[in-house]
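Structure first, commentary second.
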Amino acid sequence: MVKDLFERIQNNKGPLGKWASQAEGYFVFPKLEGELGPRMQFGGKNILNWSINDYLGLANHPEVRQADIDAATQFGAAYPMGARMMSGHTKYHEQLENELAEFVMKPAAYLLNFGYQGMVSIIDALVTKNDIIVYDVDSHACIIDGVRLHMGKRFTYKHNDLESIEKNLQRATKMATETGGGILFITEGVFGMRGQQGKLKEIVALKEKYNFRLLVDDAHGFGTLGKTGAGAGEEQGVQDGIDVYFSTFAKSMANIGAFVAADQDIIDYLKYNLRSQMFAKALPMIQTIGSLKRLELLRNHPELKDKLWENVNALQNGLRERNFNIGDTNTCVTPVYLEGSVPEAMVMVNDLRENYGIFLSIVIYPVIPKGIILLRMIPTTSHTIADIDETLVAFEAIREKLVNGTYKEIASRTTVDLDA
């Protein structure tokens, strides 16, 4: 007997979906309103927002807003129509690619419509069934989904673990010798959940011993790390050792789109084989011209990054001084680890939003292990020291309520699965 395809879906909503009746519209799919920035509105209340990846505060920069307006006025939202290969190619797309390549110190670059689909398609294009992929177990979902398309062998290594990295490179080398293929090594410049930089320096050094090519997803490093803002590779002094550099516009650039940069022959290959771009409408002019202005500001105003790091250091040092566990982050991403159940986390976040006016991202099982609550904050250039002080006071208060059982008691009266 053939089952109804939807039976499984109807009976099992998934580890996150099972909370939908309690969480949707508040904990997930919340509606933030007002102008993007540290102070917005949520549920009719003013809140202090730590949950937007506008690292450099460009989303509402007056020059950026004007550039977006001018592009929309001149070209509208539709231009150009068609894929780049057919009818959607412009001098502005070329200009942005050239400037991005120069900024990240690579010979060439290619624009992508979205970071997620771009990374999935890059992985698919770079490897054949004879090639081997080695990647970090904590890689972003876009990397994992790209690897899933791979018809050949793949090995995961323990997060940022050099011993595990080398062990899996040895396994990959043996396998590639048998298949006649090559090795693609994938890691992140900055791991967006924990805030750690990838071990790029050490991985590049392993190229002297093993024959592999390195793909780096630097979504959170671009614009925030390195002397010029060129990312984690520049920060660690190994930008030349990155064979394929990728980043999105959705973080420091406060825009839609992404890019990949590499040697000219690799970019030429991707242009003609990257299915997510070959068969997709070109990036609209609003995003293309708007990104040119954003990149100009990123290049010419280092004080934006300086202010960002002033805020990052103030927040992270303040948390450490108050004995909060923020792991070993060495980037702007600021995780706070607490012990508690999913229901306790829900009560805590409700308290933060309703009684302290603070909005941030909450990460729970199955993204992280059971019994751990991760409160993830993204400091930006637009935040103030007063914002940070207000947040530190609130965090001390909620930690006390978590420790003394207040949240657990409330959760027992309002949720159904206290042991989650």
Side-chain angles (χ1 to χ4, degrees), residues 22-69 72 115 192-193 195 219-220 223-224 248-257 286-287 290-291 293-294 297-298 304-305 307-312 314-316 318-319 331-336 345-364 373-398:
Q22 298 176 48
E24 190 162 331
Y26 192 90
F27 300 101
V28 295
F29 299 102
K31 300 181 185 72
L32 286 171
E33 298 176 315
E35 191 171 276
L36 282 174
R39 298 283 176 173
M40 297 184 71
Q41 286 78 49
F42 175 70
K45 296 183 178 181
N46 293 322
I47 53 95
L48 173 53
N49 186 11
W50 292 101
S51 205
I52 290 181
N53 294 318
D54 182 22
Y55 282 119
L56 300 175
L58 295 181
N60 279 307
H61 192 287
E63 291 185 39
V64 166
R65 292 289 291 265
Q66 191 60 52
D68 292 346
I69 291 169
M193 201 64 66
H220 289 272
T224 69
T248 175
F249 296 161
K251 306 295 190 289
S252 289
M253 295 272 271
N255 204 358
I256 293 174
I286 298 172
Q287 279 73 43
S291 288
K293 171 55 68 174
R294 289 162 170 83
L297 292 171
L298 202 159
L304 293 171
K305 184 164 70 72
K307 174 58 177 172
L308 167 64
W309 275 97
E310 178 184 327
N311 288 339
V312 170
L315 177 63
Q316 294 184 358
L319 288 165
T331 67
C332 302
V333 178
T334 305
V336 177
M346 295 167 74
V347 175
M348 176 195 299
V349 170
N350 177 264
D351 192 23
L352 267 174
R353 293 178 182 178
E354 299 302 320
N355 299 315
Y356 298 95
I358 293 177
F359 187 100
L360 47 73
S361 298
I362 175 177
V363 184
I364 52 177
I373 303 168
L374 192 162
L375 302 178
R376 176 174 172 266
M377 291 185 286
I378 302 294
T380 72
T381 295
S382 303
H383 283 100
T384 67
I385 297 301
D387 294 336
I388 293 167
D389 290 340
E390 179 180 337
T391 301
L392 294 173
V393 170
F395 268 47
E396 288 188 293
I398 64 167

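Numbering of residues begins at 1 and proceeds along the displayed sequence.
- A 4.5 Å side-chain heavy-atom check between Leu56 and Leu308 finds at least one atom pair inside the cut-off.
- Nearest approach of Arg353 to Ile47, heavy atoms of both residues: O-CG2, 4.4 Å.
- Side chains of Asp54 and Leu36 form no contact here, defined as non-hydrogen atoms less than 4.5 Å apart.
- In this structure the side chain of Arg39 never reaches within 4.5 angstrom of the side chain of Asn46, judged on heavy atoms.
- Classified by interplanar angle (parallel below 30°, tilted 30° to 60°, perpendicular above 60°), the ring pair His383/Trp50 is parallel.
- Annotation: side chain of Pro38 is not in contact with side chain of Thr384 (no heavy-atom distance under 4.5 Å).
- The shortest side-chain heavy-atom distance between Trp309 and Cys332 falls under the 4.5 Å cut-off.
- Considering OG of Ser361 and CG of Asn53, their distance stands at 8.0 Å, rounded to 0.5 Å.
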Exercise. Just do the side chain to side chain contact (heavy atoms under 4.5 Å, CB included) check on Met377 and Thr391 with the steps written out, would you?
Key: CA-CA 10 Å; Met377 291 185 286; Thr391 301; 3.9 Å; yes
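- Rounding to the nearest 0.5 Å gives a distance of 6.5 Å between CG of Leu352 and CG of Leu375.
- Arg294 has its side chain within reach of Asp68: a pair of non-hydrogen atoms, C-beta onward, lies under 4.5 Å apart.
- The shortest heavy-atom contact between Thr248 and Gly257 is OG1-O, 3.2 Å.
- For the atom pair Lys31 NZ and Met40 CE, the distance stands at 13.5 Å (nearest 0.5 Å).
- Within the 3.5 Å criterion, the main-chain N or O of Ile385 finds no donor-acceptor partner in the side chain of Glu310.
- Rounding to the nearest 0.5 Å places CD1 of Ile286 at 11.5 Å from OG of Ser291.
- For Asn311 against Ile388, the heavy-atom pair with the smallest separation is O-CD1, 3.4 Å.
- The closest side-chain heavy-atom distance from Tyr55 to His220 is below 4.5 Å.
- The two residues Leu392 and Leu315 make their nearest non-hydrogen contact at CD2-O, 4.3 Å.
- Scored by the ring-ring contact (aromatic ring centres under 6.0 Å, His included) test, Phe42 finds Tyr26, Phe359 as partners (sequence neighbours excluded).
- Between atom OG of residue Ser51 and atom CD1 of residue Ile358 there is a gap of 12.5 Å, rounded to the nearest 0.5 Å.
- Here the closest heavy-atom approach between residue Ile378 and residue Ile52 is recorded as CG2-O, 3.6 Å.
- Taking both residues in full, the closest heavy atoms of Ala59 and Val64 are given as O-CG1, 4.5 Å, listed atom of the first, atom of the second, then distance.
- Between Asp351 and Ile398 the shortest side-chain heavy-atom distance falls below 4.5 Å.
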Self-check item: side chain to side chain contact (heavy atoms under 4.5 Å, CB included) assessment of Ile373 paired with Val349
Solution: CA-CA 10 Å; Ile373 303 168; Val349 170; over 6 Å; no
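- Rounding to the nearest 0.5 Å places CG of Leu360 at 9.0 Å from CG of Leu48.
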